[in-house]
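In what follows, a single structure is set out as C-alpha cells and then discussed.
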Amino acid sequence: MADIQTDVLIIGTGPAGSATAALLSSYGIENMAINRYRWLANTPRAHITNQRTMEVLRDLGREVEAEAYLHCSPQEIMGENVFCTAIAGEELGRLKTWGTHPTSKAEHLLSSPTEMNDLPQTFMEPLLFKTACSRGTQARMSTEYVSHVQDAEGVTTTCRDRLTGKEFTVRSKYLVGADGGNSLVAQHLDLPFEGKMGVAGSMNIIFKADLSRYVAHRPSVLYWVLQPGSNVGGIGMGLVRMIRPWNEWLINWGYDITQGVPDVDNAFAEGVARDLIGDPDIDIEVTSVSTWTVNNCYAARAHKGRVFCMGDAIHRHPPSNGLGSNTSIQDGFNLAWKLAMVLKGQAGAGLLETYTDERAPVAKQIVTRANQSIEEFGPIFGALGLLDSIDPVKMQENMDRRCDDNPTAEKQRASLREAIAFKVYEFDAHGVEMNHRYTSSAVATDGQPEPGFTKDRELHFEQTTWPGARLPHAWVFGDGNKKASTLDLCGHGKFTILTGIGGKAWIDAAAAISDELGLPLTSHIIGPRQQWQDHYGDWARAREVDDAGVVLVRPDHHVAWRSKGMAADPAGELRRVLKTILDR
Ligand code: FDA
C-alpha cells in the first residue's frame with residue numbers, strides 16, 4: 001500500500017507543472033505536485049508571454065489574468081528591439097517587435113481578447129502555483145522524484161523528502177513529468193528523442209543598474225550588443241534583457257562549450273556587463289550568475305501508458321522566440337481537460353492517446369523554429385562584415401565601411417536593413433505562437449479539407465473554425481452591454497456549442513446528449529435579440545458556418561467539429577461526434 005493516494009501526481013512546479021495543477025484543480029481533479037527545491041523559479045528566465053498563454057490564464061479566471069497584467073511590463077514597452085555596439089554606444093538598427101508594429105498590433109488586437117506582455121518567470125510561476133494550491137493542489141516542496149512503476153490501474157512513484165532523506169511512495173492514476181530539460185521522468189519512460197542536447201553554452205548574468213538614460217527613449221525587452229572580438233568565435237554578441245524597466249537586467253553571454261562549463265565569478269560577470277553597457281560611470285550590482293546549454297532536441301512521443309511528459313521535458317531549445325514557458329503552459333491546457341474527463345468517466349482512455357498526436361508536432365515545430373532563429377543572426381553578422389575575419393581590428397573596419405559614400409557601402413547598408421528586418425521571424429512571429437491546428441481522433445473534420453494559409457504561416461495568425469484549429473476570437477455582447485470574446489463563452493473544462501438563429505435544435509440536442517452522456521455541455525446562440533449579439537458582424541464573418549450551423553468547441557478552445565447548417569438529426573450528429581472524440 002502506497003503512503004499517499006491521489007489521482008494525478010505532477011513532478012515539477014515550473015510553468016508546465018503549475019499550470020497543469022491549476023487547471024486540474026479548477027476542473028475538480030485531485031492532484032499533488034512536488035518540487036525538488038524549497039521554492040519556485042529563482043531566476044526570471046522566461047518572460048515573453050504570448051496571447052495564447054494569456055488565454056489559458058484568462059480561462060483559469062479573470063482574476064488570474066488580471067494579476068498577470070498587474071505584474072507584467074506591458075506590450076507597449078516591449079518592442080524597440082535594438083542592435084548596437086554597446087547600450088551607450090552606436091545603434092546599428094532597430095526592429096519593432098512583439099506585436100508593437102502598427103500592422104502587427106492590429107493583427108494581435110483582432111486575434112485575441114488578451115495582450116502579449118513581458119511577465120518574468122519569477123512572477124508567472126507563483127501566480128500559477130498559488131492558483132493551483134488555493135484550488136486544491138497538494139504541494140510538497142523539497143521533495144524529489146526518484147522512480148516510478150506503472151501497471152494497468154495506476155502508477156506507483158517513489159519520492160524522497162530532501163529534508164529528512166526519507167523515501168515514500170505515491171499511488172496515482174496518472175503521472176505527469178513536468179520536470180524540465182533534464183527530465184528524469186522522460187528518461188525513465190525512455191521517450192524517443194530527436195536532435196541534440198548541449199549544442200552551445202550560455203550564461204545568465206543578472207544585475208541591477210539604472211540604464212534609463214540609454215533605453216527609456218527606445219523601450220524594449222531585448223538589446224542586442226555586437227562587440228567584435230570580445231567572445232567565442234570572434235563575434236561578441238551579448239543580449240541585454242530588461243527584467244524590470246529600467247534598472248533590473250539579465251545578460252545572455254555565450255561560452256565555448258567544447259572547453260567545459262566555465263567557472264564564472266562576479267568579477268567576470270561585472271566585466272561582461274560593463275563592456276556591454278559601455279559607460280564606466282554606471283553603478284552595477286551583479287546579483288546572480290548561472291550557466292545553461294543551448295539544446296536542439298524534442299520528444300517524438302510525449303507519453304507512454306499512464307505517464308505523460310510536458311514542457312521542457314519534451315521540448316528543449318534556446319530562448320529565441322520566447323516559446324518555452326508559453327508552450328509548456330499550453331501543453332498543460334491540452335492535457336488537463338483530457339485527464340479530467342477520463343478520470344470523471346466522461347471519456348475513454350483513448351482520448352489520452354491524442355496528447356502525443358497533438359503536442360509532439362508542436363514540440364518539433366518550436367524546437368526547430370527556436371534553433372533556426374539563432375542561425376538567422378548570420379545575415380546580420382555577414383552584412384556587418386563580421387564573418388570575413390576573426391581579427392577584431394579588421395572586423396571593426398568592416399563594420400565602419402557601411403558608413404562610406406560608395407556603391408559597396410550602399411549595398412552593405414541595404415543588406416543590414418534586410419537582415420535586421422528578417423529577424424521578424426524571431427521577434428514577431430505571431431503565426432508560430434497561434435497557428436496550431438491539431439490532427440487527431442479528438443477532432444472530427446468529417447473530411448473537410450484544411451484551409452490553406454493565405455499569408456506566411458509563421459508570421460501571421462489566420463483564424464478558421466476548421467476542426468483542430470483554435471476557435472476564432474470575436475467580440476460579442478450580452479445583457480447589460482456585457483462584452484465577451486467568443487473564447488470566453490467556451491473553455492472552463494467543458495465542451496461548448498455555438499450556433500445562431502435557426503440553431504435552436506442544436507441547443508435542444510446538446511441538452512439531451514449532455515444528459516445521455518453525463519457530460520456538461522455549454523450552449524450559446526449568437527444573433528440579434530439572442531443571448532449574445534454579434535454587433536460588429538465579426539463572428540458571422542469568422543464562423544464559416546451558416547446561422548443554423550454549429551461549432552463544437554473543446555475545453556481548450558480548439559474546434560472539435562462543425563456543421564455548416566442544421567442537420568436532419570442534430571442529436572444523432574452530436575452523439576456520433578462526441579462519442580468518437582471522447583472514445584466512448
Ligand atoms: P522548468 O525547468 O521551469 O521546471 C521544472 C520543475 O521540475 C522545477 O520545479 C524543478 O524544481 C522540478 N524538478 C526537476 N527535477 C525534479 C525531480 N527529480 N523531482 C522533483 N522536482 C523536479 N520561455 C518563454 O516562454 N518565454 C521566454 O521569454 C523565455 N525566455 C527564456 C530566457 C532564458 C535565459 C532561459 C534560460 C529560458 C527562457 N525561456 C523562455 C524558457 C523557459 O524558462 C522554459 O521553457 C520553462 O521554464 C519550462 O518550463 P517547465 O515547467 O517545463 O520546466
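Counting starts at 1 for both ligands and their atoms, in listed order. The structure presented is a predicted model; accordingly, all values stated were derived computationally and were not measured.
The aromatic rings of Phe427 and Trp224 sit tilted, their planes meeting at an angle between 30° and 60°. A parallel orientation is assigned to the rings of Phe207 and Trp249, their planes being inclined by less than 30° (bins at 30° and 60°).
For Gly322, a nitrogen or oxygen atom sits less than 3.5 Å from a nitrogen or oxygen atom of ligand 1, counting backbone and side chain alike. Ligand 1 has a nitrogen or oxygen under 3.5 angstrom from a nitrogen or oxygen of Gly324. For the pair Glu144 and ligand 1, the shortest N or O to N or O distance does not fall below 3.5 Å. Considering backbone and side-chain N/O atoms, Asn326 comes within less than 3.5 Å of an N/O atom of ligand 1. Close N/O approach between Pro15 and ligand 1 is found [any backbone or side-chain N/O within under 3.5 Å]. For a threshold of 3.5 Å applied to N or O pairs, the pair formed by Gly181 and ligand 1 contains no separation below that value. At a 3.5 angstrom cut-off on N or O pairs, Tyr37 does not count as close to ligand 1. Looking at Arg241 next to ligand 1, no N or O pair under 3.5 Å apart turns up. Residue-to-ligand polar distances keep Trp292 apart from ligand 1: every N/O pair is separated by 3.5 Å or more.
Ligand 1 has Thr143 within reach: a non-hydrogen atom of the residue lies less than 4.0 Å from it.
In this model, a donor atom of one side chain and an acceptor atom of the other lie less than 3.5 Å apart for Gln330 and Thr53. For the residue pair Ser112 and His473, no side-chain donor N or O sits within less than 3.5 Å of a side-chain acceptor on the partner. With 3.5 Å as the limit, one finds no donor-acceptor pair spanning the side chains of Ser202 and Asn252. Remark: the Glu107 side chain and the His460 side chain contain an N/O donor-acceptor pair separated by less than 3.5 Å.
Residue contact check: Ala178 has heavy atoms under 4.0 Å from atoms 5 (C), 6 (C), 7 (O) of ligand 1. Short contacts between ligand 1 and Gly14, defined as distances under 4.0 Å to a heavy atom of the residue, involve ligand atoms 3 (O), 4 (O), 6 (C), 9 (O), 51 (O). Shown in contact with His47 at under 4.0 Å from a heavy atom are these atoms of ligand 1, numbered in order with element: 26 (N), 27 (C), 28 (O), 29 (C), 30 (N). Listed by atom number, the atoms of ligand 1 under 4.0 Å from Thr13 heavy atoms are 6 (C), 9 (O). Heavy-atom proximity to Gly311, at under 4.0 Å, picks out these atoms of ligand 1: 52 (O).
Salt bridge annotation for Lys130-Glu67: present, with a cationic side-chain nitrogen under 4.0 angstrom from a carboxylate oxygen. A salt bridge does not link Lys208 with Glu248: none of the charged nitrogens is closer than 4.0 Å to a carboxylate oxygen.
When non-hydrogen atoms are compared, ligand 1 lies under 4.0 Å from the backbone of Ala16 as well as from its side chain. Under 4.0 angstrom from ligand 1, the non-hydrogen atoms of Asn252 all belong to its side chain. If you look at Ser18 next to ligand 1, there are no close heavy atoms at all, none under 4.0 Å.
Ring-centre distance between Tyr298 and His315: not below the 6.0 Å cut-off.
Residue-environment remark: CD (Gln138) stays at or below the threshold of 12 foreign heavy atoms within 6.0 Å.
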Arg369 vs Glu376, test: salt bridge (Lys or Arg N to Asp or Glu O under 4.0 Å). Steps then yes/no. CA-CA 10 Å; Arg369 177 17 82 195; Glu376 288 169 358; 3.1 Å; yes

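The nearest heavy-atom contact from the protein to atom 44 (C) of ligand 1 is Asp312 OD2, 3.4 Å.
Selection from Arg45, His317, Arg36 by nearest heavy atom to atom 35 (C) of ligand 1 gives Arg45.
The shortest side-chain heavy-atom distance between Leu128 and Ile329 falls under the 4.5 Å cut-off.
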